[in-house]
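Just below is one structure, and these are the notes that go with it.
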Amino acid sequence: MKMGITCIPGDGIGPEIVAEAKKVLNKVCSVYGHEMEFTDVLMGGASIDAYGKPLTDETIDKCKQADAVLMGSIGGNTSTSPWYKLEPSLRPEAGLLGLRKSLNLFANLRPAFLYPELADACPLKEETSDKGFDLLIMRELTGGLYFGDRFTEEVDGELVATDTLVYKESEIRRIAIKAFDVAMQRSKRVTSVDKANVLDSSRLWRKVVEEVAADYPEVELSHMLVDNCAMQLVKDPSQFDVVLTENMFGDILSDEASMITGSIGMLPSASLNESSFGLYEPSHGSAPDIAGMDIANPIATILSAAMMLKFTFKLEKEAESIENAVKKALKDGYRTVDLIRSGENIAEDKKCGCSKMGDIIASRIE
Ligand code: IPM
Ligand code: MG
């Protein structure tokens with residue numbers, strides 16, 4: 001197969017981790033006889049430095065022309081980087097939000113899985129981590145608080161800031177359908193997470209999710225309040241299969257879910273529109289404090305590349321070859337620094353920087 005991929009290396013550790021994902025994809029292409037063409041574009045801080053804005057029309061066009069987009073991470077240190085002195089619509093994050101909206105990427109899939117090899121790095125109690133977990137957060141990505149009207153005004157001599165949380169029935173329905181479709185291919189359970197005891201948008205969310213559930217009699221639906229869900233994720237994550245939730249709740253819960261896998265450096269993500277087009281990126285940020293040091297964990301980006309092969313190109317075998325190569329690398333004891341607990345003894349030759357971890361995984365593609 002011939003595949004055209006637009007890459008957004010981005011900021012911070014982005015360029016390093018994307019380089020490792022390309023390395024692994026090139027190996028997959030040579031083993032399975034595919035062809036992949038990569039076109040790099042700028043977005044986020046790198047685009048601000050080059051063009052004065054975080055997202056240009058050219059970047060949007062190059063993404064639209066591609067079969068899929070592979071991204072590293074964007075943004076810098078919010079207290080020290082000059083990017084954060086700009087007005088909010090010109091900051092790096094605005095580029096990512098603008099891109100999600102222009103490509104209509106409303107469905108964000110964030111799987112969190114506990115590798116048995118990393119059970120030691122899981123911060124949960126042993127009796128909890130022993131049970132393992134394999135869940136997927138289905139986060140709505142183009143609505144809610146992120147895209148509602150916002151403004152700051154002076155009222156009666158003080159500043160008042162307003163953000164609005166808006167959801168249309170149609171927006172809830174299409175993400176709920178994605179969640180139920182994915183659940184049909186997994187353990188057939190959906191937990192819809194909301195704050196229906198307080199928010200109108202959550203009450204509408206519940207109503208529409210129940211309507212969609214009626215079309216999926218095989219899938220078991222339950223509802224959970226978001227504060228309880230945050231607690232249940234650390235108490236017993238094995239209870240979850242698909243967690244369906246709105247944009248802001250999904251942002252927060254997915255960071256929590258990634259941490260219980262042992263490291264935030266393990267969690268991939270796919271952002272999809274109605275068709276098979278997608279943007280694939282790790283769930284973690286740009287870690288500017290360790291940028292350029294060759295110590296970042298590239299696994300989340302490499303696993304995002306596997307999601308790309310699976311969801312956009314339907315290359316199941318090839319996607320599995322990447323997942324298996326990651327498992328083998330971990331099983332063989334290779335660890336980036338984020339996967340090593342303090343005090344844990346790791347042989348020198350098993351300690352990996354970003355590029356060595358990429359080599360180890362690429363060499364295990366078969
Ligand atoms: C994420 C990130 C983004 C978000 C930021 C960078 C705007 O935290 O993808 O989870 O909040 O969606
Ligand atoms: Mg986030």
Side-chain angles (χ1 to χ4, degrees), residues 8-15 17-18 21 42-48 53-55 59 63 69-79 81 83-84 86-112 135-148 150 163 165 167 171 175 193 226 229-230 233 243-261 263-273 278-289 291 296-297 300-301 303-304 307-308:
I8 304 174
D11 309 317
I13 58 171
I17 54 183
V18 166
L42 298 181
M43 205 261 283
S47 173
I48 298 175
K53 51 183 182 173
L55 179 63
T59 287
C63 290
V69 179
L70 180 66
M71 197 184 114
S73 50
I74 51 112
N77 184 317
T78 49
S79 31
S81 163
W83 299 329
Y84 296 92
L86 300 168
E87 64 152 293
S89 68
L90 289 177
R91 294 180 192 171
E93 287 72 10
L96 178 58
L97 299 184
L99 192 62
R100 286 173 180 168
K101 199 70 171 180
S102 354
L103 301 175
N104 198 23
L105 303 171
F106 65 87
N108 184 214
L109 286 67
R110 297 189 162 181
L135 61 91
L136 182 141
I137 297 184
M138 179 67 78
R139 168 189 177 194
E140 199 291 325
L141 203 58
T142 51
L145 270 175
Y146 277 67
F147 293 95
R150 70 179 94 257
D163 294 283
L165 200 179
Y167 269 109
E171 290 173 309
I175 187 75
V193 173
V226 62
C229 182
L233 268 175
V243 174
L244 163 64
T245 194
E246 64 90 51
N247 204 345
M248 176 64 91
F249 297 160
D251 179 46
I252 298 168
L253 294 175
S254 61
D255 266 26
E256 189 186 1
S258 67
M259 198 56 225
I260 59 174
T261 65
S263 165
I264 193 159
M266 297 295 297
L267 203 77
S269 88
S271 305
L272 309 175
N273 66 12
L279 178 149
Y280 299 85
E281 57 168 325
S283 293
H284 60 70
S286 60
D289 50 319
N297 182 350
T301 316
L303 290 172
S304 300
M307 290 185 89
M308 176 178 89

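In listed order, ligands and their atoms are each counted from 1.
When heavy-atom distances to ligand 1 are checked against 4.0 Å, the residues falling inside are E93, R100, R110, R139, Y146, D251, ordered by chain and number.
Proximity of a side-chain donor or acceptor of S47 to a complementary backbone N or O of K53 within less than 3.5 Å is detected. Not a single donor-acceptor pair under 3.5 Å links the side chain of N273 to the backbone N or O of F106.
Contact annotation: the side chain of I8 never approaches that of L70 to less than 4.5 Å [non-hydrogen atoms, C-beta and beyond].
For Y146, there are no ring-ring contact (aromatic ring centres under 6.0 Å, His included) partners, not counting sequence neighbours.
The minimum distance between the Mg ion (ligand 2) and any N, O or S atom of D251 involves atom OD1.
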Apply side chain to side chain contact (heavy atoms under 4.5 Å, CB included) to residues S286 and I74 and explain how you reach the verdict. CA-CA 6 Å; S286 60; I74 51 112; 6.0 Å; no
Would you please test I48 and L90 for side chain to side chain contact (heavy atoms under 4.5 Å, CB included) and show each step? CA-CA 8 Å; I48 298 175; L90 289 177; 5.9 Å; no
